[in-house]
Each structure stands twice: as structure tokens, then as C-alpha cells.
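Notes for the one structure printed next.
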Amino acid sequence: MTLTGRRLLTFALAAIGGALFLALRLPLPLLLGPMLACLIAALAGAPLAGAGGFGIFMRTFLGVAVGASITPQVLGELPEIAASLALVPVFIGAIALVGYPLFRRVFGFDHPTAWYAAMPGGLQDMLVFGEEAGGDVRALSLVHATRVLVIVTVAPLIMQSFWGVDLSQPPGAPIRGTDPVEIGLMVAAGLVGWKLAERLGLFGASILGPMVLAAGLSLSGLIQHRPPAEIIQAAQFFIGVAVGVKYVGITGRELRIDVTAGLVYAMFLALISLAFIELITHLGLAPTLDAFLAYLPGGQAEMVVIAIIAGADLAYVVSHHLLRMIIVITLSPLVSKLVERRR
């Protein structure tokens, strides 16, 4: 089957998954529906394919949504979350202390694979670092994809059960009520910001670059709204597809070892996250829902989607995920070498 045919099959299955979730009134239907439909099809051996560059482009609107939420008032509130941000390095350290021995001793991964599987950073960045260090790229891909899959699937169920959050509501105003000029500026901020950040070699270029440009447009008053609901919903669809197709071509051994390792790791992550969420809530540093979304180490794009729909404090949530990514990407290669040297 040609690449175009594989993509058409993928989109058709994803659309069926989204429609089924909508019909059953399940949470985040346009994210979880396509994701789980593609996951099931991939495990069944279907020849699926991601959306390529267009799928990445759709992610840029999440960066634009975050940037558009940054106003002078939000900037003025940032010092108030400094104490919560200070716990992020401790959070990462706790994850490394649990994750690395788990992958190294229990599942028998080699040092670079175990180290970068344990690091709660961006998938692409961890794959690059892991490959350069001689790790198993396929195992890393499956472990991190499973981590994101579990967190993004379970988090909405918890949010509905404990806080009664309505995750079926539209993630913004309809497109017909948004100024076309403003939409054009958002599209430009997404595309230009992504490509500039990519050229500069920044991590999370498809979100970070658009976020910075959109923040500038928001602070200058050129845009006053987030991207319309229909655009955010389309972004959800392609993010769901991207997670699901990670399992294409999976073997029995990979399912038994790599995916199982990812599932066990996700459970330990949940316990660590719960401890930090409880600490932050107990200290009165943030509302429980905001702390929950900030300290769940899911994918950056996926967590932004959930935060937008849940109506959480985007500045608070995103600043924690950004700091986590910066620390992991900056320090993980250095600490990995130190650990290997001591071994």
C-alpha cells in the first residue's frame, strides 16, 4: 500500500474512533477516540501512517493557544508560582531514582536505553539522545509512547471522577465568531514560530516557537483570543493519530518487554506525581486541578490540550512542563555520562 493509501486508512479509522467516542459521550472524544482506534488497528497489524509535516503543523496551534493566553496580568502572576516551580527539579530527580533502576535491573535494558527511557522529557529529544548514546531507539519510542498513552487516557477519567470536569465541551469559541485577520495572524505565528525554532534547534519547536510569537502578538494586543474551537479540535485529532501509530509493526517481544516496561513505569510515575500534587495542594501553592495537570509527565502537546479543555491555568501548567523539558534536555546527557562513569 502506498504512503497516501496508508494515511487515508489511518484517518478513516481515526475518524471512526472519534465518532464512536462522540456518540458514547466519552471524554476528549477527538483526542482519545482517534488515539485508541489507531492503537487497536496498529496492534492488529494494520498498515497505518502518521500525518507527517501537516500533523506537526497542527500542533503549532497549541503553542499559539498558550501564547495567546499570556497577558500582562498573567506575567505579573508568575512570581507567585516560583515555589511550585522550585519543586520541579526534585520531581525529576525522584523519577530518575525510580525509573532508571526499574529499566536497568528489572527489564534488563542497557545503560543508555534505561537512562533515556526513565527521563520524562519530550519523545523526539529522548530518542535523539538515546540514539547518540547507543541506546535502543525502538524500545525508547515504545516506552515513551506508552507513558503518554497511559497518562492521557487515565487523566481525563480521574478529572471527571474527582472534579466533575466536563471534557466534552468545545475548547474555545466557534470559528465563525473570530476575526479572520486574527486567525491569519495565528496561522502565521504557528508556521513561522515553528520553523524559526526548528532552525535554532530548540526543543519542542512546534509548540515553543509558536508560543513565543503568539505571546508577543497577545502582549501587543494584535490577537485577543485563543485559536477557535474547530482548530483546537483538529489539532487533537492529529495528536491522537500520532500517538496511536507509534505502535505500528510492533512484535510480540516488544509488546511483552518494552510496552510492559512502559506500563509499569507509568504506574510508578502516577505514584510520584500524586505525592507532589498532594504536597503542592497541602502547601497551598496551587489549586489541585492545576497541580494535577502540571505534575503529570505526559506529552507537552497532550497536556496542553487537556488543560485548555479543562479551563485550567495555562500559564501555570505550561510553565511547569517547559521547566521540566528544559532541565531534562539540558542535564540528562551530562548526568548519564556521570552515572556510566561511576558504573
Side-chain angles (χ1 to χ4, degrees), residues 1-65 122-124 141-142 144-157 160 167-172 174-175 187 190 194 206-207 227-250 254-255 259 262 266 298-310:
M1 185 181 290
T2 65
L3 179 59
T4 300
R6 291 166 60 198
R7 282 178 173 165
L8 289 175
L9 173 62
T10 303
F11 298 156
L13 291 171
I16 292 171
L20 184 61
F21 267 58
L22 281 168
L24 296 175
R25 295 183 161 285
L26 295 173
L28 294 174
L30 295 179
L31 175 67
L32 299 183
M35 183 177 75
L36 294 180
C38 290
L39 169 65
I40 293 169
L43 293 177
L48 308 183
F54 184 74
I56 299 174
F57 169 67
M58 291 306 299
R59 287 172 175 255
T60 67
F61 290 104
L62 301 178
V64 172
L123 171 62
Q124 297 304 322
S141 177
L142 289 172
H144 284 293
T146 302
R147 164 175 64 91
V148 172
L149 176 71
V150 171
I151 289 173
V152 173
T153 303
V154 174
L157 302 177
Q160 283 195 325
L167 292 172
S168 61
Q169 60 185 337
I175 196 168
V187 172
W194 165 33
S206 62
I207 291 183
E230 292 86 349
I231 293 179
I232 298 296
Q233 287 165 338
Q236 292 178 60
F237 179 88
F238 286 102
I239 289 170
V241 168
V243 175
V245 300
K246 289 285 190 303
Y247 295 87
V248 169
I250 193 169
E254 289 172 336
L255 191 61
V259 174
Q300 189 180 14
E302 292 81 5
M303 299 314 296
V304 169
V305 165
I306 297 174
I308 289 172
I309 297 175

Atom CD in Q233, atom CG in L28: separation rounded to 0.5 Å?
11.0 Å
Residues which pass ring pair (Phe, Tyr, Trp, His ring centres under 6.0 Å) with F237, listed by chain and number, not counting sequence neighbours
none
Nearest-0.5 Å distance, CG of residue L30 to CG of residue L22:
5.0 Å
Which heavy atom of L48 sits nearest a heavy atom of A42, and at what distance?
CD1-N, 3.9 Å
What heavy-atom pair brings M58 and A234 nearest, and what distance separates the two atoms?
CE-CB, 3.5 Å
Could you pull out the closest heavy-atom pair between A37 and G17, with the gap in Å?
CB-CA, 3.8 Å
Could you name each residue pair satisfying ring-ring contact (aromatic ring centres under 6.0 Å, His included) that touches residues 27-59, not counting sequence neighbours?
F54-F238, F57-F61
Is any side-chain heavy atom of L20 less than 4.5 Å from a side-chain heavy atom of L26?
no
Here's a test for you: under side chain to side chain contact (heavy atoms under 4.5 Å, CB included), which of V152, V148, L62, V304 qualifies with I239?
L62
Name all residues meeting the side-chain contact (heavy atoms from CB on, under 4.5 Å) criterion together with A49; count only those two or more places apart in sequence or in a different chain, and write none if there are none.
L3, R6, R7
T146 meets the side chain to side chain donor-acceptor pair (under 3.5 Å) criterion, sequence neighbours left out, with Y247
side-chain contact (heavy atoms from CB on, under 4.5 Å) partners for A12, two or more places apart
none
Between atom CD1 of I175 and atom CD1 of I231, what is the distance when rounded to the nearest 0.5 Å?
4.5 Å
Drop me the distance from I40's CD1 to M35's CE, to the nearest 0.5 angstrom.
10.5 Å
Sequence neighbours left out, what passes side-chain contact (heavy atoms from CB on, under 4.5 Å) with A242? Give chain and number order.
R59
Heavy-atom side-chain contact between L149 and L36 under 4.5 Å:
yes
Tell me the closest heavy-atom pair linking C38 and A14, and the distance in Å.
SG-CB, 4.0 Å
Heavy-atom closest contact (V64 atom, P227 atom, distance)
CG1-CG, 3.8 Å
Please examine the side chains of L31 and V243, heavy atoms only from C-beta on, and report whether any two atoms are closer than 4.5 Å.
no
What are the two closest non-hydrogen atoms of A51 and F11, and how far apart are they?
CB-CZ, 3.8 Å
Output the distance between atom CG (L32) and atom CG (L157), rounded to the nearest 0.5 Å.
7.5 Å
